[in-house]
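Read through the structure below, which is laid out as structure tokens, and then see the notes.
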Amino acid sequence: MTTEATDNRIGGCIHFFSLLDSTNTTAYYLAQRGLPEGNIVIADAQSKGRGRLDRTWQSPPGRNLYLSIVLRPPIPVSHAPQITLMAGVAVADLLSAYCPGKVVVKWPNDILINGKKICGILTEMKSSPTGVDFIILGIGININMTVEDFDPELRDTATSLRIETGAPTDRLAIAGKLFQLIEKWYGVFLLDGFKGIRDAFLSYANLEGKPIQVVFKNDVQTGVATGIDEDGSILLKDREGVLRRIMAGDVSIMKG
Ligand code: BTN
């Protein structure tokens, strides 16, 4: 089913499916064939929901939000990862309305509540020699999952809005609010770049001054996080006091 609704950049046209392999895969396919900026592919369930690093994203029907937004920002390829951070701020604003003061954005693409993952963001890009052709911004938010709905190996590390608030929430209402917030923050990003997003991101990231470890493939870097750079990379001061900029990896805060 396809609906056309608003004059807005985001969500003017929404393509709804009851089941897809992955909304990112379908959105990418359609974007290659010209699907315009702001179109959204959304599914009630995914049979091959995907996360970063080839992880799977549990995607049962009737429970959560799985959606992918086609973006065509006029930016260089090196700025594309900033779209993930922009979306993190939008989702954090959204969830903070339900769980004030509890939402953390775990750089670069996870949203946590009470230390458990409630949302993952997967951006995929097609580029050409002149820059970004399109970006697929994929967002999965656990809305009405109960603890028992999660695969057993996820129960200690994943959560949902229902678990955190104690009540189910209407998925479509949440989707509508999410589109408005992406509209807002993507507009800021197009005007001002990541510098318009940075303060909001920092306020949700809760990283500064913390001892962290960043793992990227076989490389492990440790040190104290000193902030987020103007391009969205993490700034880390290592044991020798050398300041390093880190563009990719999985971050964890070290205890003690
Ligand atoms: C991650 O945590 O590594 C990212 C998870 C992203 C999941 C969403 S659900 C909608 C979209 N379609 C996918 O296959 N993945 C993203």
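Ligands are counted one by one from 1 in listed order, and the atoms in each one are counted from 1 as well.
Ranked by closest heavy atom to atom 2 (O) of ligand 1, the top entry among Lys117, Glu124, Arg55 is Lys117. In this comparison of Lys48, Arg52, Arg50, the heavy atom closest to atom 16 (C) of ligand 1 sits on Arg50.
Nearest protein heavy-atom neighbour of atom 8 (C) of ligand 1: Gly140 N, 3.6 Å. Of the protein's non-hydrogen atoms, the one nearest atom 9 (S) of ligand 1 is Gln46 NE2, 3.4 Å.
Applying the 4.0 Å criterion to heavy atoms of Gly49 picks out, from ligand 1, the atoms 14 (O). Close approach of ligand 1 to Gly51 is summarised as follows: ligand atoms under 4.0 Å from at least one heavy atom of the residue are 1 (C), 3 (O), 4 (C), 5 (C). Applying the 4.0 Å criterion to heavy atoms of Thr23 picks out, from ligand 1, the atoms 10 (C), 11 (C), 12 (N). Ligand 1 places these atoms under 4.0 Å from at least one heavy atom of Ile121: 4 (C). Set against the non-hydrogen atoms of Leu67, the atoms of ligand 1 under 4.0 Å away are 10 (C).
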Step by step, work out the side chain to side chain donor-acceptor pair (under 3.5 Å) result for Gln221 and Asp238. CA-CA 8 Å; Gln221 306 214 46; Asp238 71 14; over 6 Å; no
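Between Ile42 and the options Thr26, Ile69, Leu20, Leu65, a side chain to side chain contact (heavy atoms under 4.5 Å, CB included) holds for only Leu65.
Sorted by first then second residue, the side chain to side chain donor-acceptor pair (under 3.5 Å) pairs that include residues 188-205, not counting sequence neighbours, are Asp93-Tyr204. Applying the side chain to side chain donor-acceptor pair (under 3.5 Å) rule to pairs touching residues 38-49 yields His15-Asn39, Asp21-Ser47, Thr23-Gln46, Asp44-Arg171, Gln46-Ser59, sequence neighbours excluded.
Other residues, nucleotides and ligands contribute more than 12 heavy atoms inside 6.0 Å of the CD atom of Gln32.
Here Met145 contributes atom CE and Asn64 contributes atom CG; the two are 5.0 Å apart, rounded to the nearest 0.5 Å.
If you look at Ile139 next to ligand 1, the close heavy atoms, those under 4.0 Å, all belong to the backbone.
Formation of a donor-acceptor pair under 3.5 Å by the Arg52 side chain with backbone atoms of Asp250 is not found in this model.
Residue Trp57 has no nitrogen or oxygen atom sitting less than 3.5 Å from a nitrogen or oxygen atom of ligand 1, judged on distance alone.
Asp219 and Arg244 are not joined by a salt bridge, as no carboxylate oxygen comes within less than 4.0 angstrom of a charged side-chain nitrogen.
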